[in-house]
Amino acid sequence: MNQAALIGIGVFQVLLLLLMAPLYSGFSRVIRAKMHSRKGPPVLQNYLDLIKLMKRQEVVSQQAGWIFRLTPLVSMACMLVAALMIPLLAIQSPAGSAGDLIVLIYLFALPRFFFALAGLDTGSTFASIGVRRELLISALVEPVMLLVAIVMALIAGSSNLDIISREVASGQFPLSMAFWLGMISFGFATYVEMGRLPLDVGEAEQELQEGPLAEYSGPSLAVMKWAIYLKQLVLVAIFFALFLPYGAMTGLTVLGFLAAMVAFLLKALAFYFIVGVLENSMARVRFMKAPSVTWLALGAAVLSFVFYLANV
């Protein structure tokens, strides 16, 4: 597949993820409402909210500096670059050798760093409490994702997401205990990063989850929320590219392109449905008890690395 075609596919998949992210987040809200036996918001509610925020006046705190103003753009830009690097519709990464798994992990860490600084930049007590909570979750979840990424890179002999996806899709990748445990760990980390119970509530605008967003308003808040929706869907796409890359194109054809797009949309729909069911089957816990929940995922990731060393 030539580079020009890959770039075109990459631009399309970025737009696809950007436009579909609010829809999938809205779908998860509908699942939650149905399981609670209530009507809930319409599936397109997130789009309506974003449009409403775009039309509102933006109010900025006098204490806010350039970091506060830059954070929405950094968050959105990092997620767009990450979306471009994933071998989603084609088995090859549109970014080529730049589609490195370790780079992707850092692309998720950079917006969180700015997110934390923006919460502290305004001097808001509520935002600073939310920042501490955000950093606690990141300290528990990001090592899991990084360790699984290292294991997958060691098994494939490369940290390039392109190579890992092709080997898994071709059946050459050894489906060992290290692979299955890594899949479980990464899936759990994705679940937590999507802001789900027992640690988060998806609509916790007035709680600690979205505390760092307390000082944002208008278009800046819309961009931040859209970046969060996109982050969730990009994480799901990375999970599929690592462990379930089936359905992606191996050659450039119109039928293959349509089939790849439909396959991803259906897989994402199934993932969000499973997440919605799991989320509404458990009670919420205090976020200070997060280590007692996430240590299972970390333990599975460590076992995955041990099984790789033991060649099991």
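In this structure, CE on Met194 lies 8.0 Å from CG on Leu233, to the nearest 0.5 angstrom. Atoms CZ and OG1, from Phe240 and Thr190 in turn, are 9.5 Å apart once rounded to the nearest 0.5 Å. Taking OG of Ser220 as the reference point, atom CZ of Arg56 lies at 14.0 Å (rounded to 0.5 Å). Met145 CE to Leu101 CG: the interatomic distance, rounded to the nearest 0.5 Å, is 8.5 Å. One finds the CG atom of Asp162 at 10.5 Å from the CD atom of Glu167 (value rounded to the nearest 0.5 Å). Leu147 CG to Phe186 CZ: the interatomic distance, rounded to the nearest 0.5 Å, is 11.5 Å.
Counting heavy atoms from C-beta outward, Trp226 and Lys231 have side chains that stay 4.5 Å or more apart.
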Practice task
Could you give me the CA-CA distance, side-chain angles and deciding distance for Ile238 and Phe108, then say whether side-chain contact (heavy atoms from CB on, under 4.5 Å) is met?
Solution key: CA-CA 12 Å; Ile238 294 174; Phe108 281 94; 3.5 Å; yes

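Relative ring orientation between Phe243 and Phe239 is described as tilted, the plane-to-plane angle lying within the 30° to 60° band.
In terms of heavy-atom proximity, Val148 sits nearest to Gly182 at CG1-O, 3.5 Å. Between Gln13 and Pro94, the shortest heavy-atom distance links the atoms NE2-CG, 3.9 Å.
Listed by first then second residue, pairs satisfying side chain to side chain donor-acceptor pair (under 3.5 Å) with a partner in residues 64-79 number zero, not counting sequence neighbours.
Every side-chain contact (heavy atoms from CB on, under 4.5 Å) that Met54 has, sequence neighbours left out, goes to Pro219, Ala222, Val223. Judged as a ring-ring contact (aromatic ring centres under 6.0 Å, His included), and not counting sequence neighbours, the contacts of Tyr272 are Tyr24. Shown here are the side-chain contact (heavy atoms from CB on, under 4.5 Å) partners of Tyr106, two or more places apart in sequence or in another chain: Ile102.
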Side-chain donor-acceptor contacts of residues 78-87 below 3.5 Å, not counting sequence neighbours, with atom names and distances?
none

For residues 111-120, run the donor-acceptor check on the side chains, cut-off 3.5 Å, and write out each pair with its distance to 0.1 Å, sequence neighbours left out.
{"unit_1": "Arg112", "atom_1": "NE", "unit_2": "Glu142", "atom_2": "OE2", "d": "2.9"}
{"unit_1": "Arg112", "atom_1": "NH1", "unit_2": "Glu134", "atom_2": "OE2", "d": "2.8"}
{"unit_1": "Arg112", "atom_1": "NH2", "unit_2": "Glu193", "atom_2": "OE1", "d": "2.6"}
{"unit_1": "Arg112", "atom_1": "NH2", "unit_2": "Glu193", "atom_2": "OE2", "d": "2.6"}

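Transitive grouping of hydrophobic side chains (ILVMFWY, heavy atoms separated by less than 4.5 Å) keeps Leu265 and Leu19 in distinct clusters.
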